[in-house]
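Because only heavy atoms are used, hydrogens play no part in the values below, and waters and symmetry mates are left out as well, while side chains stay in.
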Amino acid sequence: MGSYHDIERPDFTPDYITELKPDEVFVFGSNLAGMHGGGAAYIAFKQFGAVMGCGIAGFRDKEIASLFKEALELENVCLPETFAKVLK
């Protein structure tokens with residue numbers, strides 16, 4: 001557990017995000033058609049109102065994790081553990 005602005009934060013993104021604190025943003029992946037039918041995209045749609053627009057896309061963690069390389073060292077970013085393993 002780490003902290004940012006005196007708020008306890010997990011080291012990695014939880015498997016299931018069920019709530020967001022006022023200063024948190026849920027970034028999720030979607031398929032290429034923008035249909036949020038499964039995984040984090042479905043939770044984002046059902047629980048947080050994500051809009052159909054853009055896990056099921058067919059990309060692997062190693063292909064997407066590199067897009068977040070600079071975010072790995074930021075104190076206010078929590079990535080999935082699988083991304084951290086790929087990036088380290």
Side-chain angles (χ1 to χ4, degrees):
M1 275 279 179
S3 69
Y4 180 74
H5 288 252
D6 298 323
I7 299 172
E8 287 295 315
R9 305 286 187 188
D11 291 331
F12 303 105
T13 307
D15 289 337
Y16 297 97
I17 296 173
T18 58
E19 64 181 5
L20 294 173
K21 294 180 177 116
D23 66 336
E24 292 181 327
V25 176
F26 183 4
V27 178
F28 62 94
S30 179
N31 60 36
L32 296 177
M35 300 303 292
H36 310 320
Y42 182 74
I43 293 169
F45 169 67
K46 287 301 268 186
Q47 190 143 347
F48 302 108
V51 177
M52 299 282 188
C54 222
I56 310 171
F59 295 103
R60 295 190 169 102
D61 287 347
K62 67 181 180 180
E63 296 170 294
I64 300 300
S66 64
L67 300 173
F68 295 88
K69 186 174 184 172
E70 292 180 23
L72 188 61
E73 303 304 321
L74 298 174
E75 294 179 14
N76 65 333
V77 173
C78 180
L79 296 175
E81 187 172 10
T82 56
F83 279 29
K85 286 179 180 178
V86 167
L87 295 171
K88 288 186 177 181

Atom pair CG/NZ of Leu72 and Lys88 - distance to nearest 0.5 Å: 5.5 Å
Rounded distance [0.5 Å steps], CG in Leu87 versus CD in Glu70: 11.0 Å
Qualifying residues under side-chain contact (heavy atoms from CB on, under 4.5 Å), relative to Lys85, sequence neighbours excluded: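 Once residues adjacent in sequence are excluded, the partners of Lys85 under the side-chain contact (heavy atoms from CB on, under 4.5 Å) criterion are Glu81.
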Shortest non-hydrogen contact from Ile64 toward Phe68: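 Where Ile64 meets Phe68 most closely, the heavy atoms are O-CD1, 3.6 Å.
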Pro10 to Cys78 - nearest heavy-atom pair and separation: O-SG, 3.6 Å
Glu19 atom CD, neighbour heavy-atom count above 12 within 6.0 Å: no
Heavy-atom neighbours of Lys21 NZ exceed 12 at 6.0 Å: yes
Parallel, tilted or perpendicular: ring planes of Phe48 versus Phe26, cut at 30 and 60 degrees: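 Judged by the thresholds at 30° and 60°, the geometry between Phe48 and Phe26 is perpendicular.
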hydrophobic_cluster_shared for Tyr16 and Tyr42, side chain cutoff 4.5 Å: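 They do not share one cluster, since no chain of ILVMFWY contacts under 4.5 Å joins Tyr42 to Tyr16.
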Leu67 reachable from Leu74 in the ILVMFWY side-chain graph, under 4.5 Å edges: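 As far as the 4.5 Å side-chain criterion goes, Leu67 and Leu74 are connected within one cluster.
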Minimum side-chain heavy-atom gap Arg60-Val86 below 4.5 Å: no
Contacts of type side chain to side chain donor-acceptor pair (under 3.5 Å), residue Thr82, not counting sequence neighbours: Asp61
